[in-house]
Amino acid sequence: MNTPFLVRGKTQPVRWRSWGEEAFAEARHTIRPVFLLVGASWCRTSALLDRDLVDPEIARRLNDLFIPIRVDRDARPDIDARYQALGHAATKQSGWPLAAFLDGQGRLFHSGTRFSKTPSGGRTALGAVLDQTAAYFQERRDKTEAYAQKLLDGCFPKNTPADGDPETRRRPARGADIAPLASAFDARHGGFGGAPKFPLPLAIEALLVRARNAQDRAAEEMARKTLTRLAASPLHDPVGGGFHRMSQDEAWREPAYEKLLADNAELLRLFCLGYAILKDPLLLTPARGIVRFLEETLHLEGTPCFAASVAAGDALEEGDFYRWPAAQLNRLLTAPERQVLAETAGWKRAGDRILTRLATVEIKNPAGDVARALRLSPLEIARHWEKGLEKLAEGRKERAPLPHDATLYSAANAEVARAFLAAAPALARPDLREAALAILDRILAEAATDGLVGHALGEAPLPFFAADQAHVGLACLEAFQDAGASRYIEAARRLADGLTRRFRVPGRGFHDVLLDDADLITQAMPLFDVIDLPGPSANGLAALFMARLGKTLGNEGAPYRRNAQEALESLSGASTLYGPYAAGICLAEWEAADTIPSRRGELPRRIARP
């Protein structure tokens, strides 16, 4: 598989190996440690590290002292998840790029992120790290390998906590308890937790579901505050549409500027759900922007599907692509447009001239306040704002485009299909419904093998992942409920049967990767994930899919409901332990306990075309 991140490595003097037994056998034979680099094409710090890896001296160290392996985290989320967990346990650091130092058995003994060839911020230069780590491995190999095994056993124990507590495993789902979410809610800024801060769409969805089903005003206000703060924050790009991945501070002020397809699809569905439940038409503005971003930036010509991501870029100052010099703003915009944008975004100005040196378009002040300050009508404010954004969007086209990853990942595109089905009625865009079905048909036609969906369309074979089956299965269910076409419910049953046969481990839940495909190294690290970071967990998705399919099929769905309940019992307590980071498990528990009504209630009265 040739993703942009892997292709970038081919331009370097480092002799990168592919992940696999051949590379680890070489490490054992030559008695050298493995240098595992896990990164992504959208990640700015991955791009900055790649600049350093063209240095001949750095490359010489890597080639002579290590067996270098390069892995794209989007293509191999199973490898990434395991070594992120080990790296965090070893050093309390995680993220990308992850530089992990392994022994010949694949066990991690040291790791770090944000290495560079020059020392900065108290960090040791990469060359020195390589020298010291290689020397330590050679001089103290027995001690290193013993530590690596201890770390492995601590992160991936042979038994889960639930294995030793049958009573806990039999504990029923908790109904609609949102205490674990509410306890982590940031009452000041919205969202959950501190820095770095992610939108966590499933946690917000849980609040919305609670608000709808239980008329819970506290849940409603938490959801409303989070959605409105997100829409007004610099994470939202009102010029080009869409949202950046996360904030580096708790107040949503410092974006990491990459834009990912999966994140934006989840947020599109969420804003449409928020509009339906909260009845706030302002939530449709960011939803329209996401659709525009998907259609104009990520849609790939000749296919109904969408590219995986847009990179943050590797400019010296992160986010330069999204900032505007005052001179350019003064040139592009009329005087009223400059006044409205400046007042809305909080830019300094003198009269109608913008003085802020580099401006980011955001919504610091609501339209009502802007109208009063400028003594204009709300209609005039809206007209100048929209016209100004249109001109800035045209002006942005003059800039060099940011790199894209055009890989067609099945799960992310299935999320787009789900989002388009939700957006079609909310935005009065019936064409989005047809686009959703076309995406899903393409996934089922090209990525389905032996009852399973592959990780990417049109690519060399990759391991099969449980999360992909559940993502596509949920999209099939919603397409069936929307269109009534029998082919979608049949596809959902095939995917659920594949999940049951090939991923389910009784008493443990759903393994993240097909056990038949797992190599000896990943088999030594069994993963039954429940945490919705960086994306929805496989077990939360799979249990939700099974419970929802069982409900949709009525009496015929009893086996799927049992599968969902067994998985949730085996992972009991996860939603309490991890709070908003296990909201997927929480939603699945509610679905299994029948506290979430089906989106359309019952089966379609008439089965439409196959």
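Atom set for the values below is all heavy atoms of this structure, side chains included, hydrogens, waters and symmetry mates excluded.
For the atom pair CZ of R323 and OG1 of T360, the computed distance is 5.0 Å after rounding to the nearest 0.5 Å. Taking CG of L270 as the start and CG of D263 as the end, the distance is 12.0 Å to the nearest 0.5 Å. If you take OG on S572 and CG on L577, they are separated by 11.0 Å, rounding to the nearest 0.5 Å. Note that the CG atom of L98 and the OH atom of Y83 stand 10.0 Å from one another [nearest 0.5 Å]. The distance from the CG atom of L267 to the CG atom of L273 is 12.0 Å, given to the nearest 0.5 Å. Expressed to the nearest 0.5 Å, how far CZ of R508 lies from CG of N539 amounts to 10.5 Å.
Under the 6.0 Å cut-off for aromatic ring centres, Y257 and Y322 qualify, their centroids lying closer than that. Between Y409 and F465, the gap from one ring centroid to the other reaches at least 6.0 Å. Close placement of the H511 and F528 rings is indicated, their centers lying within 6.0 Å of each other.
No side-chain donor-acceptor contact under 3.5 Å links D280 to the backbone of Y275. Side chain of R433 to backbone of A424: no donor-acceptor contact under 3.5 angstrom is found. Under a 3.5 Å cut-off, the side chain of S537 and the backbone N or O of G540 do form a donor-acceptor pair. Judged purely by atom type and a 3.5 angstrom limit, N365 has no side-chain atom pairing as donor or acceptor with the backbone of D369. Using modelled atom types, one side-chain atom of T228 and one backbone atom of K225 make a donor-acceptor pair closer than 3.5 Å. Looking only at distances, a side-chain donor or acceptor of K279 sits under 3.5 Å from a matching main-chain atom of A276. Remark: side-chain polar atoms of K259 are not paired, donor with acceptor, to backbone N or O of N264 under 3.5 angstrom. Remark: the backbone N or O of F420 is not paired with any side-chain donor or acceptor of R269 at under 3.5 angstrom. With H244 contributing its side chain and M246 its backbone, the two residues share no donor-acceptor pair below 3.5 Å. In this structure a side-chain-to-backbone donor-acceptor pair under 3.5 Å is missing from Q469 to G498.
A salt bridge does not link K197 to D249: none of the charged side-chain nitrogens sits closer than 4.0 Å to a carboxylate oxygen. Under a 4.0 Å N-O distance rule, the pair D237/R396 qualifies as a salt bridge. Note on D216 versus R210: salt bridge recorded, some NZ/NE/NH1/NH2 to OD/OE distance being below 4.0 Å. Ionic pairing of E591 and K551 is present here: one or more N-O contacts between side-chain nitrogen and carboxylate oxygen are shorter than 4.0 angstrom. Using a cut-off of 4.0 Å between Lys/Arg side-chain N and Asp/Glu carboxylate O, R418 and E478 are scored as salt-bridged. E566 has no carboxylate O lying under 4.0 Å from a charged side-chain N of R562, or vice versa, which leaves the two without a salt bridge. In this structure, D431 pairs ionically with R429, as a charged nitrogen and a carboxylate oxygen lie closer than 4.0 Å. With salt bridges taken as basic N to acidic carboxylate O contacts below 4.0 Å, one links E221 and R224.
In this structure the side chain of S41 never reaches within 4.5 angstrom of the side chain of S46, judged on heavy atoms. Here the side chains of T297 and H404 are in contact, with some heavy-atom distance below 4.5 Å. At least one side-chain heavy atom of L533 sits less than 4.5 Å from a side-chain heavy atom of F198. At a threshold of 4.5 Å between non-hydrogen side-chain atoms, the residues P463 and H455 do not count as touching. At a threshold of 4.5 Å between non-hydrogen side-chain atoms, the residues L452 and L495 do not count as touching. A 4.5 Å side-chain heavy-atom check between L278 and L208 finds at least one atom pair inside the cut-off. Between P403 and V310 the shortest side-chain heavy-atom distance does not fall below 4.5 Å. Using a 4.5 Å heavy-atom cutoff, the side chains of L457 and C305 are in contact.
In this model, a donor atom of one side chain and an acceptor atom of the other lie less than 3.5 Å apart for D74 and W42. A donor-acceptor contact closer than 3.5 angstrom links the side chains of S575 and E589. H236 and E362 form no side-chain donor-acceptor contact under 3.5 Å, judged by distance and modelled atom types alone. Between the side chains of D405 and T407, at least one donor N or O lies within less than 3.5 Å of an accepting N or O.
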Next item on the list: Step by step, work out the side chain to side chain donor-acceptor pair (under 3.5 Å) result for R442 and T303.
Entry: CA-CA 8 Å; R442 172 72 183 271; T303 171; 2.6 Å; yes
Next item on the list: Go through the steps for W252 and L235 under the test side chain to side chain contact (heavy atoms under 4.5 Å, CB included), then give the verdict.
Entry: CA-CA 7 Å; W252 310 110; L235 266 68; 3.8 Å; yes
Next item on the list: Assess whether side chain to side chain contact (heavy atoms under 4.5 Å, CB included) is satisfied between L421 and Q481, documenting all intermediate values.
Entry: CA-CA 10 Å; L421 289 172; Q481 291 171 330; over 6 Å; no
Item checked: CA sep, side-chain torsions, deciding dist, call: R229, H189, side chain to side chain contact (heavy atoms under 4.5 Å, CB included) -> CA-CA 7 Å; R229 287 295 179 90; H189 305 294; 4.2 Å; yes
Checklist line | side chain to side chain donor-acceptor pair (under 3.5 Å) assessment of D441 paired with Y488 | finding: CA-CA 9 Å; D441 289 342; Y488 296 124; 2.8 Å; yes
Note to self: Please determine whether side chain to side chain donor-acceptor pair (under 3.5 Å) holds for the pair T500 and N563, giving the CA-CA distance in whole Å, both sets of side-chain angles, and the decisive distance to 0.1 Å.
What the structure shows: CA-CA 8 Å; T500 302; N563 287 342; 3.0 Å; yes
Note to self: If you apply the rule salt bridge (Lys or Arg N to Asp or Glu O under 4.0 Å), what do you find for D186 with R188, and how did you get there?
What the structure shows: CA-CA 5 Å; D186 181 348; R188 182 178 181 186; over 6 Å; no
Note to self: Using the rule given for side chain to side chain contact (heavy atoms under 4.5 Å, CB included), can you reason through W385 versus V361, listing the C-alpha separation, both sets of side-chain angles and the distance that settles it, and then say yes or no?
What the structure shows: CA-CA 11 Å; W385 171 258; V361 182; 3.9 Å; yes
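Counting heavy-atom neighbours within 6.0 Å of Y578 OH, excluding the residue itself, gives a total of 12 or less.
Of all heavy-atom pairs spanning A40 and R73, the tightest one is CB-CG, 4.0 Å. Contact between L527 and A81 at its shortest, heavy atoms only, is CD2-CB, 3.7 Å. Counting all heavy atoms, side chain and backbone alike, L408 lies closest to F306 at CD2-O, 3.4 Å. Here the closest heavy-atom approach between residue A426 and residue L284 is recorded as O-CD1, 3.6 Å. Minimum heavy-atom separation, P378 to A371: N-CB, 4.5 Å. Of all non-hydrogen atoms in V370 and V340, the two that sit nearest each other are CG1-O, 4.3 Å.
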